[in-house]
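Reading through the structure tokens given below for one structure.
In what follows, residues are counted from 1 in the order of the sequence shown. Both backbone and side-chain heavy atoms feed into the values below; hydrogens, waters and symmetry mates do not.
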Amino acid sequence: MTETMSRPQAATLVLNAADNVAVALSNLDVGTMTPQGVTTLKRVPKGHKFATRAISTGSAVVKFGQIIGFASKDIPAGEWVHEHNCGMGGADGSLAHDYAFSEGVVTPDMVPEAQRATFQGYRRANGKVGTRNYIGILTSVNCSATVAKFMAQEISRSGLLDDYPEIDGVIPFVHGTGCAMDLDGEGYHILRRTQWGYASNPNLGGVLLVGLGCEAFQIGRMKEAYGIVEDETFQTMTIQEIGGTRKMVDWGVERIRDMLPIAARARRETVPASELTLALQCGGSDGYSGITANPALGVAADLLVKQGGTAILSETPEIYGAEHLLTRRAVSREVGEKLIERIHWWEDYTARNRGEMNNNPSPGNKLGGLTTILEKSLGAAAKGGSTPLTAVYEYAEPVTEKGFVFMDTPGFDPVSATGQVAGGANVLAFTTGRGSAYGCKPVPSIKLATNSDLYRRMGEDMDINCGDIAEGLADVDRKGAEIFDMILRVASGERTKSEELGYGDNEFVPWQVGAVM
């Protein structure tokens, strides 16, 4: 037996029989013989791809059984496949897909109501169910951000919260917009939906909305638009109306002091899992994301949907190249076409800002093995599981349909999750391969590591390791069940790693669209 034949074969993975690339599960040196019968011609980093057969210039590079790009030069078998030899193909970074609609949609087998899982949640007066019990201080404009922070700091220093263990905290939701905007423009309407979506999220037991007074985003106009009547758990004020910063802070502290005993009356009770609305997020993705954590989270999403709950997939730029798979799952042509309309909006949005859809993968994504947005999207869409797509929502719209739904958001995680929470999400699951540092008050965020190296390095940040799937120590279905079980525990009050670390105060980031005047 020759020396070459006696070497142990490298750990690699081919995801679909139609693929012409394989994924390296460890760093492969030059000259490594792979199970596919090819020898590596260059070093292939862990999580990256190599060609399992020759790919000629202009030919499709295929992973997951789908096109992830096109060879920009001839790629011999065994060659490392990445940015230097694989691109989107079209000069404008676009890719035409066959958008079949409602093709083979199968209603999932629902768990009988008597057998459905439960959790311990806060049943609100309007029937919604919260998983946390915060008091929020919303700001109509950046000019009122400081007073909101001062209010929260005063409450923290006072020790008042020590007397109310049922209150998870007081959060100032500050942002950088609210003025110099078109009063009937898209950005204004997005901000208005976001503000009221947070104010009515069931994880908040009380809300103040504070403004400056002369900003474009007028609190009175929002109250009129939604028919809002102030009460003991929702009150508003502006700095100019009350007479300055100190008076505003004193007013806010007193209002919160009055709200605390009211919000603290809430008690957890047993409620069905159908009351959960799960936000699906991924950030700092790598070459393992679409192999381990994302499909496992997709299984958990399927389990929740079968319990009568709701799972929200978002990040529209990060389904680009996979949207044709989602249209086939739409419950109607109308739902599928609404998704494609949002895709076309994004193509136009990036073009008029002199960008392209393939700008999305970050340097970290590429270091982790992702080459094009098509590859990233095919992995990201796996978070959505396999059940029918029941609805498509614009950013921060109230999510009213049960089942698997989609919300149009940017790919930037804080902006995307802000829209989901405004839509009504009361729990969030976040996959990461690079180690995104993230929390999402008032919604608990469960962090899922895509690879074991990350989990070992950042164990204080990660709740579940999905890297053992790639190592053959776990399977996707069992990991999905593990994630679903943790979702129920977290919804019942178990604190996540990001909550223990104190993340979530700075991740309220409404999507700012349109000209700043």
Side-chain angles (χ1 to χ4, degrees), residues 173 175-177 186-187 189-191 193-195 197-198 201 203 277-285 289-290 293-294 297-298 301 310-323 326 339 342-343 345-346 349-350 353 355 357 359-362 364-365 370 373 376-377 379-384 389 391-399 404-434 436-448 450 498 503-513:
F173 294 109
H175 59 93
T177 183
E186 194 167 20
H189 292 291
I190 284 174
L191 181 59
R193 291 198 301 267
T194 304
Q195 294 279 19
Y198 265 68
N201 187 284
N203 285 10
T277 299
L278 173 66
L280 306 169
Q281 281 291 320
C282 60
S285 300
S289 296
N294 286 351
L297 180 54
T310 305
I312 311 173
L313 182 66
S314 297
E315 302 174 289
T316 313
E318 297 179 14
I319 65 156
Y320 190 74
E323 74 274 10
L326 295 176
L339 178 64
R342 299 317 300 164
I343 291 288
W345 184 94
W346 274 94
Y349 181 59
T350 54
N353 285 284
M357 298 300 287
N359 292 146
N360 176 279
S362 69
N365 294 153
L370 297 176
I373 186 55
K376 183 178 180 180
S377 293
K383 301 192 303 295
L389 177 66
V392 174
Y393 296 95
E394 293 191 25
Y395 186 88
E397 279 191 320
V399 173
F404 168 57
V405 304
F406 186 85
M407 177 180 285
D408 178 33
T409 76
F412 184 38
D413 312 313
V415 179
S416 179
T418 295
Q420 292 173 318
V421 173
N426 53 12
V427 65
L428 183 149
F430 189 115
T431 71
T432 183
R434 303 294 294 175
S436 294
Y438 180 80
C440 190
K441 292 178 182 176
V443 171
S445 173
I446 302 167
K447 299 297 283 298
L448 310 173
T450 71
S498 64
Y503 276 103
D505 289 327
N506 301 302
E507 285 80 2
F508 175 70
V509 189
W511 186 12
Q512 190 169 352
V513 177

Exercise for review: Using atom types as modelled and distance alone, determine if a side-chain donor or acceptor of T418 lies under 3.5 Å from a backbone N or O of V509.
Suggested key: yes
- Message: Less than 4.5 Å apart, side chain to side chain, heavy atoms only: is that true for N294 and T450?
- Response: no
Fill in: side-chain contact (heavy atoms from CB on, under 4.5 Å) assessment of E507 paired with C440
CA-CA 6 Å; E507 285 80 2; C440 190; 5.6 Å; no
With distance as the sole test, does S377 use its side chain to make a donor-acceptor pair with the main-chain N or O of Y320 at under 3.5 Å?
-> yes
Just by distance, do the side chain of R342 and the backbone of D408 share a donor-acceptor pair under 3.5 Å? no
For D413 and G283 the tightest heavy-atom approach is OD2-CA, 3.5 Å
Scanning both residues in full, the closest heavy-atom pair of V513 with W345 reads CG1-CZ2, 4.5 Å
Minimal heavy-atom distance between A381 and A322, with the atoms involved, is CB-CB, 3.9 Å
Using modelled atom types and a 3.5 Å cut-off, is there a donor and acceptor pairing between side-chain atoms of T409 and backbone atoms of E315?
yes
On a heavy-atom basis, the closest approach of P510 and V415 is C-CG1, 4.4 Å
Distance col, row L339:CG vs I319:CD1, nearest 0.5 angstrom, shows 4.5 Å
### Query
Any donor and acceptor pair, going by atom type alone, linking the side chain of T431 with main-chain N or O of L448 inside 3.5 Å?
no
*Donor-acceptor contact present, side-chain T177 to main-chain Q512, <3.5 Å*: no
The reported gap from OG in S436 to NZ in K447 (rounded to nearest 0.5 angstrom) is 6.0 Å
| Passes side-chain contact (heavy atoms from CB on, under 4.5 Å), T194 versus H175? Steps please. | CA-CA 11 Å; T194 304; H175 59 93; over 6 Å; no
Interatomic distance, CD1@I446 vs CG@L428, rounded to 0.5 Å, equals 8.0 Å
Rounding to 0.5 Å, atoms OG1 (T316) and CE (M407) come to a distance of 10.0 Å
For the side chain of N426 and the backbone of T277, is there at least one donor-acceptor N/O pair under 3.5 Å apart? yes
**Asked** Between S416 and Q281, is a side chain to side chain donor-acceptor pair (under 3.5 Å) present by the stated rule, with each step listed?
**Response** CA-CA 8 Å; S416 179; Q281 281 291 320; 2.7 Å; yes
Relative to the ring of W511, is the ring of W346 parallel (under 30°), tilted (30 to 60°) or perpendicular (over 60°)? parallel
- Within the side chain of E397, is there an N or O that forms a donor-acceptor pair under 3.5 Å with the backbone of Y395? no
- Within the side chain of Q420, is there an N or O that forms a donor-acceptor pair under 3.5 Å with the backbone of I312? yes
All heavy atoms of A425 vs all of N201, minimum pair found to be O-ND2, 3.0 Å
So CD of E323 and CD1 of I343: to nearest 0.5 Å the spacing works out to 4.5 Å
Open item on the list: Contact between H189 and E394 at the side-chain level, heavy atoms closer than 4.5 Å - yes or no?
Closed with: no
- Assign the ring pair F430 / Y438 to parallel, tilted or perpendicular, where the plane angle (0 to 90°) is split at 30° and 60°. parallel
Please check if the side chain of N365 supplies one atom and the backbone of L370 the other of a donor-acceptor pair under 3.5 Å. no
Closest heavy-atom pair, K383 versus C282, reported as atoms and distance to 0.1 Å, is NZ-SG, 3.2 Å
